[in-house]
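Just below is one structure, and these are the notes that go with it.
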2 protein chains.
Amino acid sequence: MSRQDIHNSGVPEVCQACQARHGGICGALSPEELTELNRHTKRVKVAAGSELLAEQQPIASYANILSGVVKLSKLLEDGRQQIVGLQFAPDLLGRPFRELSNVTAEAAVDAELCTFTRAALEQAVSGSHAMASRLHQQSLRELDDAREWMLTLGRKTASEKVASFLALIVSANDVGKEAPEAEPNVELPLSRGETADFLGLTIETVSRQMSALRKNEIIEFTNAYTVKVKDRAGLGAAAGT
Amino acid sequence: MSRQDIHNSGVPEVCQACQARHGGICGALSPEELTELNRHTKRVKVAAGSELLAEQQPIASYANILSGVVKLSKLLEDGRQQIVGLQFAPDLLGRPFRELSNVTAEAAVDAELCTFTRAALEQAVSGSHAMASRLHQQSLRELDDAREWMLTLGRKTASEKVASFLALIVSANDVGKEAPEAEPNVELPLSRGETADFLGLTIETVSRQMSALRKNEIIEFTNAYTVKVKDRAGLGAAAGT
DNA sequence: CGCGGTGTTGATCGTAATCAACGGCTGTGG
DNA sequence: CCACAGCCGTTGATTACGATCAACACCGCG
C-alpha cells in the first residue's frame, strides 16, 4: 500500500492522481465529498469517433474528461455542420441543469472519461458551494471561448482561421507546462474535414492554407496530423491576434 | 401609499414592478436579501451608443438590464468587429468573477439599467444558493446562444444569416407575450452596419438580403428600422432552421 | 436650402467554394 | 509478399458568392 500524505488522506485511490482534482471540478470537494461522489462514478475509455452526447437527446451521463479531446458540434438540417467547441482534460462534459443536450459530443481522439449521473452531479453541487462555483467558472470559460471563436468565424480570413486553429491547439498543448516550448510538436486532434467544420471552411481551403503556412516556414509537417511549429510569433501574427 | 399584498411585503418600492424580479436574478432573492442588495443599487438611463463596458478594461459596475438592448462586441486590431451577443431585459450585464471584461458592451438603443458593484453582486451570490444558480443559468443560456450563433456564422449563407437575425429579433419580441403574434411589427435595435458586424457580412450585403426578403413578401418595411413580418413560417424557412 | 450620415442599388473584383484529378498511406486478400 | 482498393489529403482549374468600389436616394438638421 502506498504512503498517504495528510493531504490525500481519505481521498479515493482512483482520484489520487486525477487531473480533474487540479483544474477540474473535483478539486472543489473535500475528501468526504469526493468519496461520496466517487461511489457513483465509472471510468471508461472511449475510442475516437464514439458519440458521447447527441443533439436534442437526453444526457445519458455527465463526465470529466481525463485525457483526449472531445468535439462539440451542431448540425443544420441539410447536413452542414459546425464544430462549436473543443474540450480537453479536465473539462466537464454535458450541459448542467438540462435534460437534453443541445450539441453532439464526439471523441475526436481516443479518450478517457470519469462518468456519473446527473443526480450525482446535482447532489455534489447542492452540497458544495465551491463545487457549484467551479462549475459556473467552467461555463464562463466556455462562453469566453465561444465568443472568441465567433470573432474568428465572422471576421477572419481563411488563412487567419487556420492559423488560429493551430494556435489554439498549441496553447492547449502548453497547459500544465512550466514554460511554453519554443518549437512545439503538436498532434492535431481533428481531420482536415473536421477542421473545416470548426473553421467554417471547406477541406480544400484548410489544406491549401496549411500548405501556405508550411511554405512560409511557420510550420512543418511530419505527417498530416503531426505539426512542428517553427515560428510561434509568426503563427500568432498569422492568426491576427 | 400603495397597498402591499403579502407577497410583496418588505420588497423595496423600486423593485416591485421590476422585470429582473421575474426572469432576472433578483427573482431568487428573499425580500430581506433584496432589500440588502437594493441598498447598493442605482438605476440609470443610458442613451443609445453609450459604452457600458470596454474590452480588457475593469468592470466598473454590473447591471440588470431593465429595458432596451445591449450589444456585446469584440474587435480585431485592424478594426474588424464582431458582435458576439445581444442582451435584453432582464439579463445581467458584466462577466461575473472577473476583473476585466472580455467584450465591449454598448447600449444599442436607449436603455435603463439597475447597476451595482461587484462586491454587492458577490455578497448576494455567496449568501444565496438560489441566486448563484440563477446566475449560472444565465451564463449557460448565453453559452447556448453563442454556440447557436457560431453555426449561423460558420455555415449559413448571407440570406440565411439575415433571416436568422430577423427571426432572433422577432423571438425576443415574443417573450412575455401570451402567444406569438401572427404578423409582428418589430423595431430593429441595430443599424445596417451593426447588423453586418453581428452576421459577419458587409453593410451592402445585409441591405441587399433585406431587400430580397421584402421582394419575396416575407417582410415589409415602414422605415429602415421598422419591420412587419408578413410570413413568419417563410422567415423561419429562410433562416434555415 | 445645403450638408452629413445612413441606406439602397449597381458594377466589378477577389476569396473561398466547387469540380476534378491525382498521390500517398493503410489494410486486405490473392 | 505484393497488388489493389478505398480513404484522406493535396493540388489545379473554374465558378460563384459576397466584398469592394461607386453613385445616388432619403432623411433629419443646422
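A quick note: this is a predicted structure, and the numbers were derived from the prediction, not measured. Just so it is clear: chains get the letters A, B, ... in the order the sequence lines come, proteins before strands, and each one is counted from 1.
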_I'd like the 5' and 3' limits of the part of DNA chain D contacted by chain B, with heavy-atom contacts below 4.0 Å._
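With heavy atoms of chain B under 4.0 Å away, the range is D:dG18 to D:dC21.
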Supply the atom-to-atom distance [X] [atom1] to [Y] [atom2], rounded to the nearest 0.5 angstrom.
| X | Y | atom1 | atom2 | result |
| --- | --- | --- | --- | --- |
| A:Met210 | A:Leu213 | CE | CG | 8.0 Å |
| A:Glu55 | A:Leu72 | CD | CG | 10.5 Å |
| A:Thr152 | B:Gln82 | OG1 | CD | 9.5 Å |

Do [X] and [Y] have a side chain donor and acceptor closer than 3.5 Å?
| X | Y | result |
| --- | --- | --- |
| A:Gln209 | A:Glu160 | no |
| B:Thr104 | B:Lys74 | no |
| B:Asp174 | B:Ser171 | no |

*Quick one, give me the B/S/- string for nucleotides 4-12 of chain C, reading 5' to 3', where B means a protein heavy atom under 4.0 Å from the base and S means that only happens at the primed atoms, P, OP1 or OP2.*
--SSBBBB-
*Please step through salt bridge (charged side-chain N to carboxylate O under 4.0 Å, His left out) for the pair B:Lys71 and B:Glu106, ending with a clear verdict.*
CA-CA 5 Å; B:Lys71 62 178 218 215; B:Glu106 191 178 319; 3.5 Å; yes
_If the threshold is 4.0 Å, N to carboxylate O, is there a salt bridge linking A:Lys230 and A:Glu220?_
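So A:Lys230 pairs with A:Glu220 through a salt bridge.
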_Please report the distance, rounded to the nearest Å, between CD in A:Gln209 and C1' in C:dT15._
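Checked: the CD to C1' distance equals 10 Å.
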